[in-house]
Number of protein chains: 2
Amino acid sequence: MPPVEPPEPPPATASKPRLSREVVLSAALALVDAEGLDALTMRRLGQELGRDPMGLYRYTANRAAVLDGVSELVLNELAIFPEDPDWQAQLRRIAHDLRELALRHPNVVPLLVTRPLSTPLGLRPLGTLRPLEQILALLIDAGFAPADALHVYRAYYGYLYGHILNELQEFIVDPEENEALLRLGLHRLPAKDFPRLRALAPVLADYDGRGELDEGITILLSGLAERLSPRA
Amino acid sequence: MPPVEPPEPPPATASKPRLSREVVLSAALALVDAEGLDALTMRRLGQELGRDPMGLYRYTANRAAVLDGVSELVLNELAIFPEDPDWQAQLRRIAHDLRELALRHPNVVPLLVTRPLSTPLGLRPLGTLRPLEQILALLIDAGFAPADALHVYRAYYGYLYGHILNELQEFIVDPEENEALLRLGLHRLPAKDFPRLRALAPVLADYDGRGELDEGITILLSGLAERLSPRA
DNA sequence: AAGATCTGTCTACGACGTAGACAATACGCG
DNA sequence: CGCGTATTGTCTACGTCGTAGACAGATCTT
């Protein structure tokens, strides 16, 4: 009989390089990106790190805090340069960056959108408030009165989030089956009740998200600049 | 010794008027409105109806289907008149109606926003596709080419959803404590990192959601009408 | 080296979604 | 009216979840 194996059967991937909040959160993000929000359970996350699930509680208060941390982590990927004097160009670039960020982490988007709904502004993870603060800085530095800056921000961010949600809703993961699945799905709709939607199948199939966002931003920025201008 | 009580100790509220999909779903909606999404568990819903939780599965496939049903129920409250020749007025009214609907059912909003993200267009509950179809009808009847109608729809609905999310994020339930809580929350923010946000506390406190939505819609509609016009 | 603090592990509990077997009821048809 | 069939309601049970609390090992301070 062979001697008892030392308890080293764990998932092969990585031994134990000391835990930390950052390690936990980025494992969480990786898991969400790879398998979706539902896969992010404390037990699974522990397993992914080769650790006892309870150990995670040394670094995060509870599961909700992990979700907040993931939101924060993702939003930190967004760069904003509040000193840029060309506020319109800056807002346009941020919009495209955020859109791409969302496409890169589609499973995180529900988090970004949903969690603030249940947390009053002042109690949110600071990382998620940074974009707000920086965009306000951008606008105020560009000459907007603070209250106007807030209005511009709201219209801008509102449209931006709306667009991203819209685009992601029509987004289907597997680009191969994209068209097939789409048509298949649409075909299921009763022809009598949804004639226009069904007729639009081909157009739906090629959605130029980037282009539509850009157009929308153009409309919005020029409209906003018309009624609220810097240094007025 | 008194005779054995017939098994009639249940929660006083309503006896047993036969179950149905509609009854189940509206109980679910009531529960969500009253206590939030997390309170909507199969067991709790069964209890609310004075029934065994497993009975619900005769009317809905699983919990996810209940959530879909609730979305559908809420969206059915939205009236759209696709024959209205004044498409801009119609879109504006729908926007305000949807906003009020969202304020009436704030706990359902995450559902409206989130569920389509994980369901391809063609597989969604039909009730949630009705607004899309009807708005397309409205625009096409007004003279837009179908593909243009889709673009208008996307920009419009995107902005609309974005606005609603934005407004709800700043919305705090208890109107009494509203300002206090808000300031309290903001006060927690490090003054060095969030100067503008903190300075805007008073402006944040009175958010005219209706007014901002209306302005945004105006900007968007006029911008859209400029580059895509009906009967072009 | 000794004590204190920090990190990791284990066990256990209550709540959840839901499969599957059964009982009660309602309904169609003679 | 009664009987067989289909529908509706109930119960038990399983596996998974989040996480409280007790404890053990590791690391740091002096």
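Here is the naming used below: chain letters follow the sequence lines, and residue numbers restart at 1 for every chain.
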Residue from A/L31, A/V32, A/V70 passing side chain to side chain contact (heavy atoms under 4.5 Å, CB included) with A/L37: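 Result for side chain to side chain contact (heavy atoms under 4.5 Å, CB included) with A/L37: A/V32.
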Partner of B/E167 by side chain to side chain contact (heavy atoms under 4.5 Å, CB included), out of B/L103, B/L213, B/D208: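 For B/E167, the side chain to side chain contact (heavy atoms under 4.5 Å, CB included) test succeeds with only one of B/L103, B/L213, B/D208, which is B/L103.
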Geometric class of the B/Y157/B/Y161 ring pair [parallel <30°, tilted 30-60°, perpendicular >60°]: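 Tilted: the ring planes of B/Y161 and B/Y157 meet at 30° to 60°.
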Candidates C/dT9, D/dT19, C/dT18 - which lies nearest the side chain of A/N62: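 Among C/dT9, D/dT19, C/dT18, the one nearest the side chain of A/N62 is D/dT19.
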A/N76 vs A/R130 side-chain heavy atoms within contact, under 4.5 Å: yes
Straight-line distance of B/N62 CG to B/D68 CG, nearest 0.5 Å: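 If I round to the nearest 0.5 Å, the distance is 8.5 Å.
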Distance (rounded to the nearest 0.5 Å) between A/E72 CD and A/L112 CG: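 It comes to 11.5 Å.
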Letter per nucleotide, 5' to 3', of nucleotides 19-28 of chain C [B base touched, S only sugar-phosphate touched, - untouched; heavy atoms, 4.0 Å]: BB--------
Protein-nucleotide distance ([X], atom [atom1]; [N], atom [atom2]), rounded to Å:
X     : N      : atom1 : atom2 : value
A/Q47 : D/dT16 : CD    : P     : 11 Å
B/L45 : C/dC16 : CG    : P     : 12 Å
A/R21 : C/dC6  : CZ    : P     : 18 Å
A/R63 : C/dA15 : CZ    : P     : 19 Å
B/D52 : C/dC16 : CG    : P     : 14 Å
A/R51 : D/dG25 : CZ    : P     : 17 Å
A/L49 : C/dT7  : CG    : C1'   : 14 Å
A/L19 : D/dA26 : CG    : C1'   : 14 Å

SB check B/R44 B/E48 (cutoff 4.0 Å): yes
cation_pi(B/R154, A/Y207) dist<6.0 Å, angle<=45: yes
DNA chain C contacts among residues 31-44 of chain B, heavy-atom distance under 4.0 Å: B/T41, B/M42, B/R43
Check against side-chain contact (heavy atoms from CB on, under 4.5 Å), A/R51 and A/L56: CA-CA 8 Å; A/R51 276 315 190 313; A/L56 306 176; 5.6 Å; no
